[in-house]
2 protein chains.
Amino acid sequence: MSQMERKTAGVPTLKRLPLYLRLLRKMKEDGENYASGTVVAKELGLDPIVVRKDLAITGAVGRPRLGFPMDEIISAIEEYLGWSNTSDAFLVGVGSMGTALLGYKGFEQHGMRIVAAFDSNPAIIGTTVHGKTVLDVAKMPELARRMHVQIGILTVTASVAQGVADKMIEGGIRAIWNFTPTSLDVPEHVILQREELASSLAVLSHRLLVENSL
Amino acid sequence: MSQMERKTAGVPTLKRLPLYLRLLRKMKEDGENYASGTVVAKELGLDPIVVRKDLAITGAVGRPRLGFPMDEIISAIEEYLGWSNTSDAFLVGVGSMGTALLGYKGFEQHGMRIVAAFDSNPAIIGTTVHGKTVLDVAKMPELARRMHVQIGILTVTASVAQGVADKMIEGGIRAIWNFTPTSLDVPEHVILQREELASSLAVLSHRLLVENSL
DNA sequence: TTTAATAAGATATTTTAATATCGATTTCGG
DNA sequence: CCGAAATCGATATTAAAATATCTTATTAAA
């Protein structure tokens, strides 16, 4: 059928892959040449079968008794996630969350680089946050188009989220990482990734409640 | 069997409940007296059947043709999540992420209140961040025990995460919200909720890659 | 008062993810 | 050099979630 046989992984698998990658990179630094699914599973507290199946989907091939060659498995995961080439991203909304994300050094290891930050507040525009000068959000769409930026990080107030998202799409941005508590309305072809702190908190709260009522 | 018939919801359901709650609160403000699963579903871009089943699990009972009485459905969700009484939380690690979380005003509406912040850096201890004075982390375990704090928010550097988690548990904390990229090792009875930015990014990256290769 | 429309609630089906089982292969210890 | 132990990889089973179907209750409009 297709020339590039890329098996489709489910969301749970995709979410585990970065955990493997982080551990494997550390193991490599420690001088390990092979990593078995068994070891990875034990280290992360997961089921070995899950790990094996997840790793299999990247196309990596392991050796009995030894596991997966370290370099191969690491690049297989990176390739699969599209992290072998870093993508550029724009961040809009330099509030608490935006500032925190600008300060996070790890994104480059996850295939992404925040190349510019934007805000609408004149008091913030022109200031430097974590080494990046904050630009006027009005210039964002055109810049996005000129620089072929594909990823937009949305850390604005909920009330303006939809408007800013529209501007991102206008600038040709294809994927929006949404940190606002807003259900965005976007065209079919735009990828939405919602980050919901409240959802995680709900899981935690409910578990706590159940435990307390035992 | 049990006097309190609390049906067990899966994680996906738990994660959707806060979305409903947020929308319902807004609808209530707008003067609506009833909310139907159909309307909620359309507003959030979800399947109506999913919404109905999720709402059913909270024990709320709706009326045909009208939907769920607004006040009842809102308190049903809050009760179910344990958000009708706010729980106290300690935050440890006042870096970028910790500062961002301290600045987030919405937690009170999600059943949680950050009552104190801690750090180990002498340059940070004593300063005030978003209205809260940062305390020495050395005092955290004893304070946690005295104040019966149940939730610990972990926003420290990866390398010290396990040690701080141990101290939290020593102080009687029962649930840890882990924002560090570390696989924590905790006793059976401690609830762990991991927040993985890399996982979300992985889903986004992979989708972008697939779309680009079409 | 009757009827059509809407939505809850129950049941059934399909799909997806997690878990278990087994055989084949290769390294390593004896 | 040979056998035991470990691991991959494939297949099968179970469990959970999403989706679909159908019935019934109730309201609002004709």
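Only heavy atoms go into these numbers, but all of them, side chains included; no hydrogens, no water, no symmetry mates. In what follows, chains carry the letters A, B, and so on, assigned in the order in which the sequence lines appear, proteins first and then strands, with residues in each chain numbered from 1.
Comparing V11(A) and D47(A) by the nucleotide of DNA chain C that holds the closest heavy atom to each, the one mapping nearer the 5' end is V11(A).
Residues L154(A) and L184(A) form a side-chain contact, since some pair of their non-hydrogen atoms from C-beta on lies under 4.5 Å apart. For the pair M97(B)/T99(A), no side-chain contact is recorded, criterion being any heavy-atom separation below 4.5 Å from C-beta on.
Remark: dA25(D) base-pairs with dT6(C). Criterion, Watson-Crick or G-U wobble with two distances under 3.5 Å.
Between L44(A) atom CG and dA18(C) atom C1' the separation is 17 Å, expressed in whole Å. Distance CG (N33(B)) to P (dA7(C)): 16 Å, rounded to an integer number of Å. Here dT7(D) presents its P atom at 12 Å from CD of E32(A), a figure rounded to the nearest Å. Look at CD1 on I57(A): it is 14 Å from C1' on dA10(D), rounded to the nearest Å. When the C1' atom of dA18(D) is taken as reference, atom CG of L14(B) falls 16 Å away, rounded to whole Å.
A donor-acceptor contact shorter than 3.5 Å is absent between the side chain of E108(A) and the backbone of T86(A). A donor-acceptor contact shorter than 3.5 Å links the side chain of D119(A) to the backbone of V94(A). Not one N or O on the side chain of R16(A) forms a donor-acceptor pair closer than 3.5 Å with the backbone of V11(A). Of the possible donor and acceptor atoms, none in the side chain of D47(B) sits under 3.5 Å from a partner among the backbone N and O of V51(B).
Under the side-chain hydrogen bond (donor to acceptor under 3.5 Å, both in side chains) criterion, Y34(A) pairs with R63(A), sequence neighbours left out.
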Nucleotide N/O to protein N/O under 3.5 Å, stretch nucleotides 10-14 of chain C:
none

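Heavy-atom distances under 4.0 Å link DNA chain C to no residue of residues 193-200 of chain A. Near DNA chain C, meaning a heavy atom under 4.0 Å away, the residues from residues 34-43 of chain B are S36(B), G37(B), T38(B). The stretch residues 60-73 of chain A touches DNA chain C through R63(A), P64(A), R65(A), L66(A), each having a heavy atom under 4.0 angstrom from the strand.
Residue pairs meeting the salt bridge (charged side-chain N to carboxylate O under 4.0 Å, His left out) criterion with at least one member in residues 27-46 of chain A, sequence neighbours excluded: K28(A)-D71(A).
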>> Test side chain to side chain contact (heavy atoms under 4.5 Å, CB included) on M70(B) and L24(B); report intermediate values, then the result.
In response: CA-CA 7 Å; M70(B) 195 59 83; L24(B) 292 167; 4.1 Å; yes
>> Using side chain to side chain contact (heavy atoms under 4.5 Å, CB included), reason through F90(B) and I153(B) one step at a time and then give a plain yes or no.
In response: CA-CA 6 Å; F90(B) 276 1; I153(B) 305 175; over 6 Å; no
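Salt-bridge check for E142(A) with R145(A): failed, with every basic side-chain N at 4.0 Å or more from each acidic carboxylate O. A salt bridge between E78(A) and R25(A) is present, with a side-chain N of the basic residue lying under 4.0 Å from a carboxylate O of the acidic one. Here E196(A) does not pair with K15(B) in a salt bridge; the nearest charged N to carboxylate O distance is not below 4.0 Å.
When the side-chain nitrogen and oxygen atoms of R16(B) are compared with OP1 and OP2 of dA18(D), one or more of them lie within a distance under 4.0 Å.
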